Amino acid sequence: MATLQTLKTFINHRLAVAVEEISGLLETTITNYEEEISRQRKLLEDERSEFLINKADMQQAMRFRVIIDHDIKKITFQNGLPSSVEDFIKVLKQAFSITTEIGLQYKDADFDDFFTLTSTRDLKDKDTLKVVHVPPGIIITTAPQERKPETSDVSSVDDMLSVDSQDALLLSPPATDRQNLWPAVFPIPTFSYNTEMALRQGNEKFLKDGIPLTTPRDKSDILERLAEAMFSYTAYPNDHQRTAVAQALIEKHPCLREPGSYNGCYGWQQSLKYKCANYRSKLKAHGNPELLINSLKHKQEGDRKPNKNLKKPRKSEVNYLPPHPAGETDDSLENLRLGLIAASKTKDNGPMINDMMWRTYSFRRREVVCQALQVSDLKERWPVLFDPVQINEEFRRCTTIPLESTFISQLDSYTPKFLKLFNSKGGAAGLRMRNVLIDLIKDPHASVVKKRDVTLRCLIEYLGETVQELVSDYFRTDEDKVHQDLQTQSMRIYVCQQPDAVGIIINGTPVLTGLDSMSRACCLLLGLTYALNLDYPPKLAKTFEVFQRLFVGLDMMQPKPTSKYISLKNKLLT
């Protein structure tokens, strides 16, 4: 009994100790839990307060000054800014009807210069924004398919912002116009059902046994669809483009690869050459103006040879000579031209003028390409065309590329490397460039416009050409006297100082006056060569090659780039 009593006492003691330990642990756990609850509650209250403060800040109306090409617009965000730059860009694209890919820059007050926008938190009320169109790559002459503005990702845009502008917004081109440049990777179209089935079986057999489809029964259908797809980009594809299509074809359908061919598709290249010619013949019979102009009966008597004086895109024009819009005739478009002249004499009708210029584009191109009217005659018949706004728009109609924003943004991006190249250049050319660069050395805080002008002057010398062939400088000379002095020049930019004046002369006719800089004059002169279908001056061929290939990214494949341009591009890319 004593032993049992001792055991009972020991057990009760241990149980009491265990209860005290458990109670202590439970009390500690509850205390820690309550402290954690209090801490989390405090954090939530702090976050909620911060969120309410940020929300109040974001919902405050913010106004911005937006520079789009040559236009200045105003936009107001009533309920705060989007959280990301991507959403911010989508809102701007929808608000201003911009259909191309763009980036944004904001003007920093500390540096008084534009910087790339990486976060909407960098923006303040009444900031200045600049829309920068994303230029095509400088390696190839292609541009990606344009994306249509997406509205599903940005809810209630109308509630978020308001737009104040009397400037013209970009209008949609007529359905007859081509919309895109030649693509980087040619999209092989879908063929007929029978052809697709045969190709599917052929591809499976090729991947399994390595046996190509040497005698495709549906070759005619394949070539016909390819020719149609190629015509949607250009009426006269060159050798490089036909090769690109043939290679894209055998990559998508490896069973069509030709055994024994040095590249696996040489036969397809030759077949496409003849098929495209046959396809053009069919469309010519339907009166396609881009093809009809080269028919023998429409040529002059001394030029009635198939390959003589062939009129076709030579500077990567997309809409070189489009047909009239549906329902329009020469008479109706002539009446529209007269209405356009009347509309140009009144103010605040930019959208109407843009619409009329779009509708008369085909009519105007026939006068420019087919009739080759003199610049003075074109200026009389189409005075609106010689406005900087419409030069930009005409370049877009012709090439689908925005002119000034692309040209200037590319020039600015390469300016630091250009200046480094110019400073390291030796010889007589280097001495001439250093005489121009002295302006920047004397003024370390020179404006961006001044840097652009100096860069372009040095670029001409660097390419082995002469600035005086493009630019005529005057000092204390009346502008009328300058016009008289340049009456014999075929293409010239004049820059006057005291009084300041910048303008462009083409075939002795002043076509643009009142420009603010030489760099903008160079840009608009390039646009005029497309709008008026002009050849580049032979003594400035390399300069205009850089303008076309490097600054606006057009026509990188044909004709072959000059060695001077290739050397310059390689130095810029290293």
Side-chain angles (χ1 to χ4, degrees), residues 315 375 386 388 391 395 403-404 406-408 410-412 414-415 418-419 421-422 425 428-440 449-475 477 479 481-497 500-552 554-555 561-562 564-565 568:
K315 300 193 295 286
V375 174
F386 295 88
I391 292 174
F395 188 83
L403 175 59
E404 277 195 73
T406 306
F407 187 101
I408 297 300
Q410 285 289 79
L411 173 59
D412 288 346
Y414 285 115
T415 291
F418 275 139
L419 296 178
L421 282 176
F422 302 154
K425 182 70 172 177
L431 181 60
R432 289 193 298 270
M433 285 187 284
R434 277 187 282 278
N435 290 334
V436 179
L437 291 170
I438 195 69
D439 292 340
L440 298 183
V449 174
K450 180 66 174 178
K451 290 180 181 179
R452 291 170 184 163
D453 292 355
V454 170
T455 300
L456 288 176
R457 287 177 181 269
C458 291
L459 175 63
I460 297 172
E461 296 290 346
Y462 185 86
L463 294 171
E465 297 174 338
T466 306
V467 175
Q468 287 72 25
E469 291 290 341
L470 179 63
V471 182
S472 294
D473 293 291
Y474 292 87
F475 184 74
T477 305
E479 196 169 7
K481 176 67 171 61
V482 173
H483 294 169
Q484 294 177 3
D485 189 42
L486 298 177
Q487 283 183 348
T488 60
Q489 299 299 325
S490 60
M491 188 177 292
R492 190 63 57 92
I493 296 171
Y494 62 85
V495 179
C496 303
Q497 295 181 0
D500 295 341
V502 180
I504 298 176
I505 301 286
I506 296 180
N507 292 339
T509 302
V511 294
L512 276 179
T513 58
L515 301 180
D516 52 5
S517 65
M518 171 201 155
S519 55
R520 191 181 185 207
C522 289
C523 176
L524 293 175
L525 180 58
L526 177 67
L528 284 168
T529 62
Y530 280 78
L532 306 180
N533 195 39
L534 302 175
D535 294 330
Y536 296 149
K539 294 183 179 180
L540 293 167
K542 297 184 182 68
T543 298
F544 277 87
E545 180 183 18
V546 173
F547 289 174
Q548 176 187 323
R549 296 178 187 271
L550 187 63
F551 292 163
V552 295
L554 287 172
D555 195 10
T562 61
K564 196 74 174 181
Y565 171 78
L568 173 64

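In this text the structure is predicted, and so the values were computed from the model without any measurement. Just so you know, residue 1 is the first one in the sequence shown, and it goes up from there.
If you take OH on Tyr536 and CG on Leu540, they are separated by 11.5 Å, rounding to the nearest 0.5 Å. Distance check: Ile504 CD1 to Arg492 CZ gives 12.5 Å after rounding to the nearest 0.5 Å. To the nearest 0.5 Å, the span separating SG on Cys458 from CG on Leu440 amounts to 7.5 Å. To the nearest 0.5 angstrom, Leu532 atom CG is 8.5 Å from Met491 atom CE. How far CD of Glu461 is from CZ of Arg432: 4.5 Å, rounded to the nearest 0.5 Å. Between the OG1 atom in Thr509 and the CD atom in Gln489 there is a gap of 12.5 Å [rounded to 0.5 Å].
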Kindly determine whether Phe395 and Leu554 satisfy side chain to side chain contact (heavy atoms under 4.5 Å, CB included), including the steps that lead there.
CA-CA 12 Å; Phe395 188 83; Leu554 287 172; 3.7 Å; yes
In sequence, state the C-alpha distance, the side-chain angles, and the governing distance for Asp485 and Tyr474, and then conclude on side-chain hydrogen bond (donor to acceptor under 3.5 Å, both in side chains).
CA-CA 11 Å; Asp485 189 42; Tyr474 292 87; 2.4 Å; yes
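For the pair Leu515/Ile493, no side-chain contact is recorded, criterion being any heavy-atom separation below 4.5 Å from C-beta on. The side-chain heavy atoms of Ser517 and Val502, taken from C-beta on, include no pair separated by under 4.5 Å. Taking the side chain as every heavy atom from C-beta outward, Leu459 and Leu568 approach each other to under 4.5 Å. Side-chain atoms of Gln548 and Tyr530, non-hydrogen and from C-beta on, do get closer than 4.5 Å to each other. You'll find the side chain of Leu463 stays beyond 4.5 Å of the side chain of Tyr565, heavy atoms only. When side chains are defined from C-beta on, Val436 does not count as touching Val467, because their heavy atoms never get closer than 4.5 Å. The side-chain heavy atoms of Leu524 and Phe407, taken from C-beta on, include no pair separated by under 4.5 Å. Using a 4.5 Å cut-off on side-chain heavy atoms (C-beta onward), Leu525 and Ile506 make contact.
Between Lys539 and Glu465 no salt bridge is recorded (no basic side-chain N to carboxylate O distance below 4.0 Å).
In terms of modelled atom types and a separation under 3.5 Å, the side chain of Lys315 and the main chain of Leu534 share a donor-acceptor contact. No donor-acceptor distance shorter than 3.5 angstrom exists from the side chain of Thr406 to the backbone of Glu404, with no hydrogens or angles considered. Thr466 places no side-chain N or O within 3.5 Å of a backbone atom of Glu469 that could act as its donor or acceptor partner. In terms of modelled atom types and a separation under 3.5 Å, the side chain of Gln410 and the main chain of Leu550 share a donor-acceptor contact.
When the shell of 6.0 Å around CG of Asp535 is examined, it contains 12 or fewer heavy atoms from other residues, nucleotides or ligands.
Judged purely by distance below 3.5 Å, without hydrogens or angles, the side chains of Thr562 and Glu545 pair a donor atom with an acceptor atom.
With Asp439 as the partner, the salt bridge (Lys or Arg N to Asp or Glu O under 4.0 Å) test is satisfied by one option alone out of Arg457, Lys450, Lys451, Arg434: Lys450.
Here the closest non-hydrogen pair linking Asp516 and Arg520 is OD1-CD, 3.5 Å. Of all non-hydrogen atoms in Phe386 and Leu512, the two that sit nearest each other are O-CD2, 3.0 Å. When all heavy atoms of Tyr462 and Lys564 are compared, the pair lying nearest together is O-CE, 3.3 Å. Shown here for Ser519 and Leu456, the closest heavy-atom pair between the two residues is CA-CD1, 3.5 Å.
Taking the six-membered ring for Trp and thresholds of 30 and 60 degrees, Phe544 and Phe547 have ring planes more than 60 degrees apart, a perpendicular arrangement.
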